[in-house]
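Atoms considered below: every heavy atom in the structure, side chains included; atoms not considered: hydrogens, waters and symmetry mates.
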Amino acid sequence: MDEKYFAQKIEDKWQTKWRETGAFEADVDDTKPKFYALEMLPYPSGNLHMGHVRNYSIGDALAWYKRLKGFNVLHPIGWDSFGQPAEDAAIKRGANPRDWTEANIQHMTGQLQRLGLSYDWSRQMAAHRPDYYKFDQWFFIKMYEMGLAYKKKTQVNWCETDKAVLSNEQASGGLCWRCGNPVTKRDLEQWFLKTTNYADQLLDDMAEIETGWAEKVLKRQRDWIGRSEGAFVDFEVQSPKSKVRSSDSSDRIKVFTTRIDTIYGANAIVVAAEHPIVEANYEHFSDETKVIIENIKADKLKVTDHDAEIEKEGVDTGLEAVNPFSGEELPIWVGNYVMIEYGTGAVMSVPAHDERDFEFARKYHLPIRQVISEPHLAHEHHQMQTMSLEQAFTDYGVLVHSDNWNGKTSDDAKKAMTEYAVKHGFGEGATTYRLRDWGISRQRFWGAPIPVVYCEKCGIVPEKYENLPIELPQNMVLSDDIAGTSPLAKDENFVNTVCPNCGEPAKRETDTMDTFVDSCWYYFRYTDPQNGDLPFDPKVAEYWTPVDQYIGGDDHAVMHLIYTRFWTKVMRDIGLVKFNEPVKRLLTQGMVVGETFFDMIPNPEEPESAGKRQYFPPSSVTVERDAKGKIISAKSADGIVLKSAIERMSKSKGNGVDPDEMVEIYGADASRLFVLFAAPAENELVWNESGIEGTTRFLQRVWRFVHKWQAKLSEPSAVVDGLNSTNSNANENPPATTGGSDSRKLRQKTHQSIKRVTENFESLQFNTPVAALMELSNALYDFKGEPETASDADVFAIREAVESLILMLAPFAPHAAEELYSVLVGNENGMLANRARFPEFSAELAKSDEIEIPVQINGKLRSRLIASPEASNDELQKMALEDEKVREWTNGKEIVKVVVVPKRLVNIVVKG
RNA sequence: GCCGGCGUGGUCUAAAUGGCAAAGACGCGAGUCUUAGAAACUCGUUAAUGUGAGUUCAAAUCUCACCGCCGGUACCA
């Protein structure tokens with residue numbers, strides 16, 4: 001053992017050893033409980049960033065902990081290696097996306113290995129390799145056969161900057177999720193997966209994972225699915241000219257409402273500009289009306305500014321519809337606030353009870369009629385025909401001005417009126433969803449080709465399973481002149497094929513799949529990565545899955561995590577898995593952020609907007625701070641006054657920390673230890689370099705202590721049984737009564753620390769156990785004694801503390817722990833080969849001999865008692881009342897009551 | 001706007017079930033070592049629950065209002 005701790009040296013040594021012995025390779029073993037620890041797979045951009053380091057440090061700590069706890073741990077890693085940056089690199093630099101991707105994977109694999117992460121590398125997968133995407137295609141065909149994959153012409157979200165189609169999730173907020181630029185709409189033929197078929201399951205099965213997932217993630221998924229219960233109601237349309245009611249069903253407008261109880265307050269029907277009724281009657285509209293309708297349509301293609309509220313616009317079409325409840329004729333308007341995508345694209349406008357309708361009615365002076373009243377005012381409202389409302393009354397209440405329905409509560413009326421509508425054939429109960437089907441077509445090269453063939457005779461034909469994978473061409477020249485068609489369309493060899501059905505010449509689909517398809521099932525592939533016939537063997541997967549702990553950023557709360565839950569349900573229906581939910585517990589780690597400095601560069605094309613941010617690397621910025629460290633001012637090298645913010649770390653913003661550099665300076669162990677120690681895993685981590693030196697110092701302290709006691713620690717006589725036993729539990733220890741009080745105290749601290757660290761791991765806290773280990777290490781230094789003169793009991797206590805400390809350190813700083821452990825056991829086989837186990841605490845030893853009980857008078861601390869841990873409440877109360885200091889406060893006063901919290905506190909309530 | 005979450009020393013943070021507000025680290029100060037600085041080591045570090053009310057014997061913890069920050073979301077009928 002070196003006298004000093006050289007991180008580089010021992011890290012290289014153990015990484016090599018682990019690799020050579022396959023220390024972390026896992027196999028099915030029915031004799032052990034399994035644990036599947038999974039972190040979200042990285043995109044091989046070329047470089048690891050601190051967010052990765054945090055994510056993987058958490059996962060690795062947990063994997064180590066579970067291994068030492070005797071679990072058979074699966075801890076794999078792979079690559080989300082399809083997607084745009086590879087293609088962009090190909091266009092920009094003429095690189096081959098495959099070579100670019102493979103090179104990045106190689107480089108990042110090196111980075112991961114330098115961090116010493118305990119992955120089973122033999123199970124690695126990469127989405128862009130044909131042996132993997134073969135099964136993306138396999139799943140697609142399965143879904144096609146099940147009627148879950150279909151093709152439809154739709155308006156899709158289109159990002160002009162990325163030249164890519166985006167799913168609804170990816171275009172959330174009208175901005176591209178990748179580049180942040182506005183999204184426009186285009187008409188394209190697209191492949192969809194019927195996620196909506198599973199909407200109810202996606203919602204209801206959340207009950208199974210409620211305890212293991214953060215509520216905020218489930219809430220976002222719930223909102224995203226957006227189930228809404230209400231009713232469809234048909235309004236018959238009348239032409240203003242004929243005024244003759246048509247019995248033709250096409251002349252009905254179906255609206256969706258959640259508040260059928262307010263239907264007597266309807267003053268109009270408002271439809272989206274794209275509604276069929278508008279198209280059908282378009283020629284009858286005045287020019288003025290047509291202009292307004294066209295303007296509304298055009299505005300919808302524009303960017304939706306995030307903060308600005310859009311002014312309501314509309315026009316009366318002159319058409320009328322009949323309220324089936326009241327028989328009243330209502331004007332049909334086109335309104336910009338009605339969306340064709342949601343519900344039926346038509347609403348009944350009830351301004352008194354809906355904020356949007358209220359605003360609309362105000363603007364166009366439409367009548368506002370209150371039909372729901374607060375229960376205690378219902379009688380008064382009965383007298384009044386109209387109310388001058390300040391704002392819409394959207395609560396439930398009691399119906400008024402609603403014929404026979406008056407006096408019913410909203411709840412009752414909703415049920416009864418829906419039934420009435422069903423009975424008379426003009427309506428039905430209905431549930432709508434915000435969730436749409438998942439559009440997976442991408443007009444890009446670098447993705448899994450959709451395995452479908454177009455045949456003149458047979459139409460759309462899925463490829464045969466035995467023809468999979470449909471491989472991407474090897475040397476495709478990619479260029480920038482794409483405009484909504486896939487680059488693959490230009491490759492005749494790829495496009496021209498024969499129909500799998502009739503054998504005649506046919507053409508291939510040239511769209512590729514959204515990369516979120518790849519990440520839907522990758523962690524099932526890890527269980528059986530070489531399988532050539534199936535995505536994975538259901539039997540093998542049954543052993544390992546579902547995932548016990550998944551760790552990743554909460555930015556994937558609605559995309560990846562909804563898609564993969566959907567995919568699992570499909571796999572269940574195919575018979576590949578037997579459960580509904582793939583992930584039992586989910587930990588969403590906070591972002592790693594840092595200070596950024598930027599100047600706003602105005603955009604000449606949009607002088608109104610604030611412009612674009614131009615970032616300056618922090619090293620080039622002169623910063624002035626106040627006493628609390630808050631930034632007062634910042635200037636660039638040329639004296640420009642800059643703005644500052646705290647943002648997610650990224651290269652382009654200049655606030656990134658390079659993990660390689662950090663590992664080189666401080667070592668992997670100290671780096672990992674620090675990321676976990678600096679903040680709770682779920683919190684945002686504001687990067688602050690200075691703290692890391694503390695963790696280095698801690699490792700050095702532990703190292704120094706072991707070095708000093710080395711000779712004593714490796715003497716076999718020091719411990720009853722060697723460290724090679726599976727457990728160093730308290731049973732084989734000498735009785736607690738032997739040895740001096742110092743060694744007794746140290747043993748107590750050791751067992752208390754084990755208890756704390758174990759509990760912390762079980763509750764997924766990673767910062768607090770590090771603090772506990774630091775305390776234990778401090779306790780060792782507080783222990784007065786020298787190796788030369790220490791008694792057997794002292795040595796025993798020290799050995800127990802050191803051994804526990806080292807084993808508990810393994811999840812955080814595995815290299816240092818391995819090296820120190822090898823000193824203790826006298827061999828270099830490593831902890832796992834030595835069957836080392838996480839220490840177990842003895843409640844007996846962890847218990848204090850005496851406890852300090854604070855005594856309060858009227859809630860204020862006045863004295864302290866020293867008592868035995870076994871002292872009863874009565875004893876504590878008696879001691880407290882007899883205490884001298886307490887008597888000073890209680891003398892001459894009436895004792896109203898004494899509260900005793902067992903083993904913790906006594907509070908005496910006095911009066912006078 | 002709406003919906004969540006958070007607010008503890010100079011900083012990051014810790015405190016099952018309401019029960020002694022600070023355990024750990026950073027920073028800072030002094031010292032040892034050193035030609036000096038850095039590193040390392042040793043010792044020290046007066047100071048805090050955003051504001052206001054309420055519930056309670058007892059509130060960082062529960063309730064309400066306000067202030068501030070962060071995240072989500074955007075006319076979903």
Item to check | Nearest-Å distance once atom C1' is located in both B:C76 and B:G1 | outcome: 16 Å
Next on the checklist: Would you say the ring centers of A:Trp687 and A:Phe674 fall short of 6.0 Å from each other?
Outcome noted: yes
Item to check | Gap between atoms CG and P, on A:Asn778 and B:C26 respectively (whole Å) | outcome: 10 Å
Item to check | Inter-nucleotide P distance (B:A14, B:G9), Å rounded | outcome: 13 Å
Checklist entry - Base, sugar-phosphate, or nothing for A:Val909, non-hydrogen atoms under 4.0 angstrom? => result sugar-phosphate
Next on the checklist: Heavy atoms only, 4.0 Å cut-off, all strands: where does A:Arg222 land among base, sugar-phosphate and nothing?
Outcome noted: nothing
Checklist entry - Of the candidate nucleotides B:C76, B:G19, B:A40, which contains the atom at the shortest distance from the side chain of A:Arg704? => result B:A40
Checklist entry - Roughly how many Å is it from CD in A:Gln877 to C1' in B:G19, rounded to a whole number? => result 16 Å
Next on the checklist: Applying a 4.0 Å non-hydrogen cut-off, can you work out what A:Leu861 is touching in the nucleic acid: base, sugar-phosphate, or nothing?
Outcome noted: nothing
Checklist entry - Between atom CG in A:Leu676 and atom P in B:G24, what is the gap in whole Å? => result 20 Å
Item to check | Atom pair distance, as rounded to whole Å: CZ in A:Phe766 and C1' in B:A25 | outcome: 19 Å
Item to check | Among B:A25, B:A23, B:C20, the nucleotide that comes nearest once only the side chain of A:Met774 is considered | outcome: B:A25
Next on the checklist: Checking side-chain contact (heavy atoms from CB on, under 4.5 Å) between A:Asn323 and each of A:Ile269, A:Ile263, A:Asn267, which is the one that passes?
Outcome noted: A:Ile263
Item to check | ring-ring contact (aromatic ring centres under 6.0 Å, His included) partner of A:Phe812, chosen from A:Phe761, A:Phe677, A:Phe766 | outcome: A:Phe761
Checklist entry - To the nearest Å, how far apart are A:Asp554 CG and B:C6 C1'? => result 14 Å
Item to check | Euclidean distance, atom CD of residue A:Glu359 to atom C1' of B:G1 [Å, nearest integer] | outcome: 11 Å
Checklist entry - Given B:A23, B:A15, B:C76, which nucleotide is nearest the side-chain atoms of A:Arg356? => result B:C76
Item to check | Nucleotide opposite B:G27 in a Watson-Crick or G-U pair, distances under 3.5 Å | outcome: B:U45
Checklist entry - Toward the 5' end of RNA chain B, which comes first, A:Lys216 or A:Arg259, by nearest nucleotide? => result A:Lys216
Checklist entry - According to a strict under-4.0 Å criterion, is A:Arg862 in side-chain N/O contact with OP1 or OP2 of B:C20? => result no
Next on the checklist: Less than 4.0 angstrom between a side-chain N/O of A:Arg864 and OP1 or OP2 of B:C20, yes or no?
Outcome noted: no
Checklist entry - Base, sugar-phosphate, or nothing for A:Glu355, non-hydrogen atoms under 4.0 angstrom? => result nothing
Next on the checklist: Tell me the interatomic distance from A:Asn336, atom CG, to B:A74, atom C1', rounded to whole angstroms.
Outcome noted: 14 Å
Checklist entry - If we take the P atom in both B:C12 and B:C70, what is their distance in whole Å? => result 14 Å
Next on the checklist: Counting only Watson-Crick pairs (N1-N3 plus N6-O4 or O6-N4) and G-U wobbles (N1-O2, O6-N3), all under 3.5 Å, who is the partner of B:G37?
Outcome noted: none
Checklist entry - Within the structure shown, what part of the strands sits under 4.0 Å from A:Asp223 by heavy-atom distance: base, sugar-phosphate, or nothing? => result nothing
Checklist entry - Roughly how far apart, to the nearest Å, are B:G68 and B:G27 at atom P? => result 34 Å
Checklist entry - Who does B:C64 pair with, Watson-Crick or G-U, both distances under 3.5 Å? => result B:G52
Next on the checklist: When both hydrogen-bonding distances must be under 3.5 Å and the geometry is Watson-Crick or G-U wobble, what is B:U73 paired with, if anything?
Outcome noted: B:G1
Next on the checklist: Rounding to an integer number of angstrom, what distance separates B:U35 and B:G24 when you compare their C1' atoms?
Outcome noted: 37 Å
Checklist entry - Want to settle it: does A:Met591 or A:Asp782 sit nearer the 5' end of RNA chain B, counting the closest nucleotide to each? => result A:Asp782
Checklist entry - B:C76, B:G24, B:A77: which one has an atom nearest the side-chain heavy atoms of A:Phe677? => result B:G24
Checklist entry - So what's B:A14 paired with, Watson-Crick or G-U wobble, going by both distances under 3.5 Å? => result none
Checklist entry - Is A:Val338 touching bases, backbone alone, or none of the nucleic acid, heavy atoms closer than 4.0 Å? => result base
Item to check | Any donor-acceptor N/O pair under 3.5 Å between B:U17 base and A:Arg904 side chain | outcome: yes
Checklist outcome for this item: Applying side-chain contact (heavy atoms from CB on, under 4.5 Å) to A:Lys755 and not counting sequence neighbours gives A:Glu759, A:Phe841
Checklist entry - In terms of the angle between their ring planes, are A:Tyr563 and A:Trp438 parallel, tilted or perpendicular, with boundaries placed at 30° and 60°? => result parallel
Checklist entry - Under 4.0 Å: is that the gap between some side-chain N or O of A:Asn767 and OP1 or OP2 of B:A14? => result yes
Checklist entry - Think A:Ser228 has a side-chain N or O under 4.0 angstrom from the OP1 or OP2 of B:A77? => result yes
Checklist entry - Using a cut-off of 4.0 Å on non-hydrogen atoms, how would the nucleic acid contact of A:Gln765 be classed: base, sugar-phosphate, or nothing? => result sugar-phosphate
Next on the checklist: Using a heavy-atom cut-off of 4.0 Å across all strands, would you classify A:Arg220 as base, sugar-phosphate, or nothing?
Outcome noted: sugar-phosphate
Checklist entry - Does A:Phe360 have A:Lys312 sitting over its ring (NZ/CZ under 6.0 Å from centre, angle to axis within 45°)? => result no
Checklist entry - If the P atom of B:G52 is compared with that of B:G18, how far apart are they to the nearest Å? => result 25 Å
Item to check | P atoms of B:C62 and B:G4, separation to the nearest Å | outcome: 15 Å
Checklist entry - With a 3.5 Å cut-off and just heavy-atom distances, do the side chain of A:Lys219 and the base of B:C3 make a donor-acceptor pair? => result no
Checklist entry - Checking all strands, does A:Glu215 fall into the base, sugar-phosphate, or nothing category for heavy-atom contacts under 4.0 angstrom? => result nothing
Next on the checklist: Rounding to an integer number of Å, can you tell me how far A:Phe812 CZ sits from B:A25 C1'?
Outcome noted: 14 Å
